[in-house]
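To start, the structure under review is shown below, and the notes come after it.
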Amino acid sequence: MNGNMGTLWTALGVGVLGVLFAIFMARLVLRRDPGTEEMRKISEYIQEGASAFLTREYRSVAWFILVVVILLLLGLSRQSNMGWSMAFYTVISYVVGAALSLSAGFFGMKIATRANARTTQAARTGFADALQVAFYGGSVMGISVAALGLLGLAILFLIFLQLFHDPVRAATVLAGFSMGASSVALFARVGGGIYTKAADVGADLVGKVEAGIPEDDPRNPAVIADNVGDNVGDCAGMGADLYESYVGSILSAIVIAATVYALRPQLAWSGIAVAFLLPAFGLLASMVGTAFIRTAQNNPQRALSMATFSTAAIFAILSYVALRITGAPLTLFWAVFSGLVAGVLIGYVAEYYSTGKRIQVIAKASETGVATNIIAGLATGMMSAVAPLIAIAIAIIIAFSVGQNSGLGGFYGVALAGIGMLSIVGITVTVDAYGPIADNAGGIAEMAHLPPEVRKITDSLDAAGNTTAAIGKGFAIGSAALTALALFSAFTQSAGVQVLDILNKKVIAGMFIGATVPFFFSAAVMNAVGRTAQYVVEEVRRQFREIKGLLEGKAKADYARIVDITTAGALKEMIVPGVVAFFVPIVVGSILGLEALGGLLAGSLAVGVPLALFMANAGAAWDNAKKWIEEGNLGGKGSKAHKASVEGDTVGDPFKDTAGPSLNILLKLMAVVSLVFAPFLVYLYNILPFALK
């Protein structure tokens, strides 16, 4: 035990090092020149809009957190053999998990919104300089997500061990940490996604389609809101998303390993130590990986891939070292490696279906109108879900077999596969957060009327960001499948549900209810984007109509008004999807019982993962097909094909940036809510008169 306790302290130390590294990178970025007065002013508009949105969003999330805290105190205190004490520590764990998620998102976004103008200014001196500034700006978010997640889990687990002297109870209350992360992630992803796509759709429909003005043209009142949305959705939202996945994968391995403590304490301790040491080594690999950014003949895509795959290779070696240090069975390496390989394959598939010949098929379909563009995009998205699911299935089989042979259980192997996929989250979020910075840099170049050669550099950085964003979303969704499955296993062990009989009427009912949840959730989110976008469209039209000289460039748009409208709409619309995700497992478990709840989790997982992959990849393909036409193909901007592709991209926007990425959080949140509330749901099921016995 003492040796394995040392690994917990190592994880804590690496977490602290990660926080210091993020601060160091932030200081490097902030030392750079933010450019001309006009560039600084535009950047400040974006900073103010993003900060205003996050402040109001976090206020709304705080009320939700308060409701959950009350539920935890009232519910768990009735069922725990430690009464209020156990419930109180679960609440502490929940609040800390939520607070650290909010902190990572806020800190990372603060730097991202300051890196944009600095990237634009760097582009005035050369490509390599601009790439470095954007990448370093993204690394603040990436390293913060991994460092704060690991640090929070390590500190709390050490504290709970001192309190309980029992890893099983320590792991039980630590589940609250993951639920806190999931709660914040869902609202950050949904709220930010609604904001960014409502602003984007509004800006495109009125600016590009109706008025015929370029993207990021300062005459468009929605252009600042669109740039704000890139940060609150694709930066803060994605950061919270992968923070939650990262924490969930570690927690599920800890909980499953702790279940064998009574029979094989040394093996259980080894399993817990591995769950902490692997992400610690992954964080170290990610910090080293930031040094591998190279221009590779002015090819940002190759440079970003070099950083990612170098990190993955370093981690693969270190994961074997971690198993030797902890004394865990060395065969578990194949569980970790299978997850890492599956993650890389999912990324490649996302890239394949959103670039090259696949998007040219969609672009050429645009020549005959909007309908054929949408048909081609839908077909591409559906096909893109096949290979990732096969990769996930193979990884599950390998990881389960390895875990079963290790004595820690098959689902422990699945949890390690999830950790393998997510341990390099520091670099994957870095690459993803780089995207909004590059996108904003291009917008600032356009609005500040900089020379075409500057915009050419920022456009090349942005194009690479679009592809890496697709890879990041695929990575997040793939990891969600493994993490949600591992959390599902932890739930069945906690709830005492050993076997789910699919011929049992309650299990069947639960599966069908679970299968409908992703569809209901996606519909609610996409309708929210549509309604909020309508407000934006109406306001942009009003300003074009009523502000004299705006379209001629002689008057200034009211950017603040659009930002306020989009913020209010997004925050209002995010409530229903968030509440549904949290309370559906509680309602089903308390009325139909835990077996039905198990069926619900299985049904939602089987439907939610392919649906999420389909939407994320279809949206990315539509977007890149439009950009391919804009490069001068098929008549270029203004052609019939271009107009159809803009409409298709508008449909794909809520697919790829709101509904699709939010689904993976939905799946994990329902699983962790079921895990935490399982004892309380048994209590409710037994006392409710209308529960179906």
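- A side chain to side chain donor-acceptor pair (under 3.5 Å) with K197 is found for one member of D657, T658, T532 and no other, namely D657.
- Judged purely by distance below 3.5 Å, without hydrogens or angles, the side chains of S51 and Q47 never pair a donor atom with an acceptor atom.
- Note on ring orientation: taking the six-membered ring where Trp is involved, the planes of F276 and F157 are tilted (angle from 30° to 60°).
- Checked against the 6.0 Å centroid threshold, Y89 and F164 count as a close aromatic pair.
- For R56, the side-chain contact (heavy atoms from CB on, under 4.5 Å) partners two or more places apart in sequence, or in a different chain, are R59, D564, T567, A568, L571.
- By the neighbour-count criterion of 12 heavy atoms within 6.0 Å, atom CZ of F520 is sparsely surrounded, having that number or fewer from other residues, nucleotides or ligands.
- Put simply, the side chain of F582 reaches to within 4.5 Å of the side chain of I586, judged on heavy atoms.
- By the 4.5 Å heavy-atom criterion applied to side chains, V145 and L148 are not counted as neighbours.
- S101 places no side-chain N or O within 3.5 Å of a backbone atom of A98 that could act as its donor or acceptor partner.
- No side-chain donor-acceptor contact under 3.5 Å links S245 to the backbone of L242.
- N231 pairs with exactly one of T113, T196, N440 by the side chain to side chain donor-acceptor pair (under 3.5 Å) rule, that one being N440.
- Between F614 and F655, the ring centre distance stays below 6.0 Å.
- Taking 4.5 Å as the limit, some side-chain heavy atom of V69 sits within range of a side-chain heavy atom of Y94.
- Within the 4.5 Å cutoff, the side chain of L251 has heavy atoms near those of the L487 side chain.
- Between V68 and F64, the closest side-chain pair of non-hydrogen atoms falls below 4.5 Å.
- Residues F491 and L597 are in side-chain contact: their nearest non-hydrogen atoms beyond the backbone lie under 4.5 Å apart.
- Looking only at distances, no side-chain donor or acceptor of D432 sits under 3.5 Å from a matching main-chain atom of T428.
- Side chains of I111 and M141 form no contact here, defined as non-hydrogen atoms less than 4.5 Å apart.
- At a threshold of 4.5 Å between non-hydrogen side-chain atoms, the residues Y58 and F187 do not count as touching.
- Taking the six-membered ring for Trp and thresholds of 30 and 60 degrees, Y683 and F680 have nearly parallel ring planes, at less than 30 degrees apart.
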